[in-house]
Amino acid sequence: VVNKKTSKTPAAASANVIDLTGDDSKPAATISKTKRNTAVKSAAAVNAGKAAVSRFSNNKNTTNNNNKTPSPTSKTLSQTHPNVKLPTKLQSKSKEEQILRTANRVKPHVMAVDTLLRVLLSVRSAPDNIKFRVIDRSNANYVQYVRDVPGAEDLLLAMNYRRNIHSTSGKNELRLERHLVDDALLYLGISALEQMRESEEYKLGKKLRAFHAEMRRIGKGQKEQQNLTEGEMEVRLQYLTKCPKEPPVGRGAIMNVELGDEREKIDGGLASRRFDGDDTLADVLNWLGGCYGDELLDKLRSREWCLCDLNRYPILPLDVEKHSNKTLQYIGLFPSGKLGVRLSEDSWRDGDEIMDDIHGSARGLGAASRSMLY
């Protein structure tokens, strides 16, 4: 018994194929089978493939055949894109421009500026001392404050430092050879860094560094409460007696409060507790007073520091005096809350109203809009 659906002869199958190629050299059935096995590619895909092959060929010719004439089929970027002009690499610019541009990039990073300035001053004062002309790139302080800062290591390279692997110890280091010490470059680098210390970015970075030092001190007091005095413990207990009872697990919302920027990873700088939606901001403040003492609350009320809702964007400070009796649901801290203690800007510290464009939606059912809070 022959199945009629599957018993087509090759002649019958080829009879159903229409040849639109105009090529008589192949049977129509063969052409159709080849086309079915080949995916249709768009013009963009074909051109992208050609460009990738061309770039690969150019790179290969450049690295392996520097002394050979390029293949006539390979094209350079200027040939394929004549209207595209690439900027000059920093290493190809003058030493003066390298130093000025790299110093400008480093200026928001306080420790990097101070460390680089100390290094250059030491080299200028004692150029024959090898200790000041060799920097261990694996040193913990160098890794934390200098190595990964944009422009910091480029500044040292512009001062004629060179990357080097020590022959005996195998240390990865930056070395400035004695014959490469240039008094003019040292003068220019030191002057550029001293000028960066007068910039607004550096001054703000200095304030933030001092602020986070205060946050670490307060966080340490929370973690080591056994070292608190009797008076400090009594003040904290008084704040905790004003807090409502914490809801059981499964009820309420978790409130997280971070001291400083979360990237600083301050030890003891994270506090967490559950609150109900009808609890007020004053209850949260009393809880913070019980965790960190009255110094934190005094700085928040004086607006030297500010309490910010990190779940909103843009991040704006909460007026702890104006909204102290407002419920967490009204403020938008329910069903979840994430607050952060930040250094206040000058406008907020001076008591100015926030006049910027306030956008962003309310968080949670029954929460007030931003225009009502600010």
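This structure is a prediction, so every number in the text was calculated from the model and none was measured. Only this structure's heavy atoms are used, side chains among them; waters, hydrogens and symmetry mates stay out.
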**Item:** Residues in side-chain contact (heavy atoms from CB on, under 4.5 Å) contact with Lys131, at least two apart in sequence or another chain
**Value:**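 Listed in chain order: Asn129.
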Backbone N/O of [Y] and side chain of [X]: donor-acceptor pair under 3.5 Å:
{"X": "His212", "Y": "Leu208", "answer": "yes"}
{"X": "Thr280", "Y": "Lys326", "answer": "no"}
{"X": "Ser302", "Y": "Lys299", "answer": "yes"}
{"X": "Arg105", "Y": "Ala152", "answer": "no"}
{"X": "His166", "Y": "Ser169", "answer": "yes"}
{"X": "Arg133", "Y": "Pro127", "answer": "yes"}
{"X": "Asp261", "Y": "Glu264", "answer": "no"}
{"X": "Gln98", "Y": "Lys93", "answer": "yes"}
{"X": "Arg303", "Y": "Trp348", "answer": "yes"}

Is the shortest heavy-atom distance from the side chain of [X] to the side chain of [Y] under 4.5 Å?
{"X": "Leu307", "Y": "Pro317", "value": "no"}
{"X": "Leu90", "Y": "Glu97", "value": "no"}
{"X": "Ile135", "Y": "Arg175", "value": "no"}
{"X": "Leu121", "Y": "Ile190", "value": "yes"}
{"X": "Ile315", "Y": "Asp309", "value": "no"}
{"X": "Leu193", "Y": "Leu120", "value": "yes"}
{"X": "Asn160", "Y": "Lys95", "value": "yes"}
{"X": "Arg274", "Y": "Met255", "value": "no"}

Testing the basics here: between [X] and [Y], what is the closest heavy-atom pair and its distance to 0.1 Å?
{"X": "Pro150", "Y": "Val106", "value": "O-CG2, 3.6 Å"}
{"X": "Lys242", "Y": "Asp283", "value": "O-OD1, 4.1 Å"}
{"X": "Asp148", "Y": "Val143", "value": "OD2-O, 4.1 Å"}
{"X": "Cys306", "Y": "Cys308", "value": "SG-SG, 3.6 Å"}
{"X": "Glu258", "Y": "Lys338", "value": "OE2-CE, 3.6 Å"}
{"X": "Met111", "Y": "Thr115", "value": "O-OG1, 2.6 Å"}

What's the separation between atom [atom1] in [X] and atom [atom2] in [Y], rounded to the nearest 0.5 Å?
{"X": "Asp278", "Y": "Phe334", "atom1": "CG", "atom2": "CZ", "result": "8.5 Å"}
{"X": "Leu296", "Y": "Leu259", "atom1": "CG", "atom2": "CG", "result": "6.5 Å"}
{"X": "Glu214", "Y": "Arg217", "atom1": "CD", "atom2": "CZ", "result": "4.5 Å"}
{"X": "Leu310", "Y": "Glu262", "atom1": "CG", "atom2": "CD", "result": "7.5 Å"}
{"X": "Leu339", "Y": "Leu328", "atom1": "CG", "atom2": "CG", "result": "8.5 Å"}
{"X": "Cys291", "Y": "Ile218", "atom1": "SG", "atom2": "CD1", "result": "12.0 Å"}

Would you indicate whether [X], at its atom [atom1], is surrounded by more than 12 heavy atoms from other residues, nucleotides or ligands within a distance under 6.0 Å?
{"X": "Glu304", "atom1": "CD", "value": "yes"}
{"X": "Glu194", "atom1": "CD", "value": "yes"}
{"X": "Arg216", "atom1": "CZ", "value": "yes"}
{"X": "Glu246", "atom1": "CD", "value": "yes"}
{"X": "Asn325", "atom1": "CG", "value": "no"}
{"X": "Arg178", "atom1": "CZ", "value": "yes"}
{"X": "Ile254", "atom1": "CD1", "value": "no"}

Answer yes if [X] and [Y] sit in the same cluster of Ile, Leu, Val, Met, Phe, Trp and Tyr residues linked by side chain heavy atoms under 4.5 Å apart, and no otherwise.
{"X": "Leu180", "Y": "Val119", "answer": "yes"}
{"X": "Leu288", "Y": "Leu343", "answer": "yes"}
{"X": "Leu297", "Y": "Leu228", "answer": "no"}
{"X": "Leu156", "Y": "Met196", "answer": "no"}
{"X": "Leu281", "Y": "Leu240", "answer": "no"}

**Item:** Under the ring-ring contact (aromatic ring centres under 6.0 Å, His included) test, residues paired with Phe275 that sit two or more places apart
**Value:**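 Applying ring-ring contact (aromatic ring centres under 6.0 Å, His included) to Phe275 gives Trp287.
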**Asked** By ring-ring contact (aromatic ring centres under 6.0 Å, His included), which residues pair with Phe211, not counting sequence neighbours?
**Response**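 In terms of ring-ring contact (aromatic ring centres under 6.0 Å, His included), with neighbours along the sequence ignored, Phe211 is linked to Trp305.
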**Asked** Under 3.5 Å, is there a donor-acceptor pair linking the side chains of Asn164 and Lys171?
**Response**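 Per modelled atom types, Asn164 and Lys171 side chains form no pair under 3.5 Å.
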**Prompt:** So, Tyr161 versus Glu177: side-chain donor-acceptor pair below 3.5 Å or not?
**Reply:**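 Per modelled atom types, Tyr161 and Glu177 side chains form no pair under 3.5 Å.
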**Request:** Let me see the working for Ile331 and Leu318 under side-chain contact (heavy atoms from CB on, under 4.5 Å), right down to the final yes or no.
**Result:** CA-CA 9 Å; Ile331 299 173; Leu318 284 171; 3.9 Å; yes
**Request:** Show your working on side-chain contact (heavy atoms from CB on, under 4.5 Å) between Val284 and Asp279 and close with a plain yes or no.
**Result:** CA-CA 8 Å; Val284 176; Asp279 291 333; over 6 Å; no
**Message:** Checking Leu176 against Val181 for the side-chain contact (heavy atoms from CB on, under 4.5 Å) test, could you report, in this order, the C-alpha distance in whole Å, the side-chain angles of both residues, the deciding distance, and whether it holds?
**Reply:** CA-CA 7 Å; Leu176 176 62; Val181 176; 3.8 Å; yes
**Request:** Applying side-chain hydrogen bond (donor to acceptor under 3.5 Å, both in side chains), run through Asn256 and Ser272 and close with a yes or a no.
**Result:** CA-CA 5 Å; Asn256 294 317; Ser272 182; 2.8 Å; yes
**Request:** Please say which of Arg209, Lys107, Lys206 ends up in a salt bridge (Lys or Arg N to Asp or Glu O under 4.0 Å) with Asp114.
**Result:**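 Running salt bridge (Lys or Arg N to Asp or Glu O under 4.0 Å) over Arg209, Lys107, Lys206 with Asp114 returns exactly one hit, Lys206.
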**Request:** Take Glu153 and Val146 through the side-chain contact (heavy atoms from CB on, under 4.5 Å) test and state the conclusion after the steps.
**Result:** CA-CA 7 Å; Glu153 198 159 280; Val146 179; 5.8 Å; no
**Asked** Are any of the side-chain nitrogens in Arg251 or Asp276 under 4.0 Å away from the carboxylate oxygens of its partner?
**Response**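 Here Arg251 pairs with Asp276 in a salt bridge, since their nearest N and O are under 4.0 Å apart.
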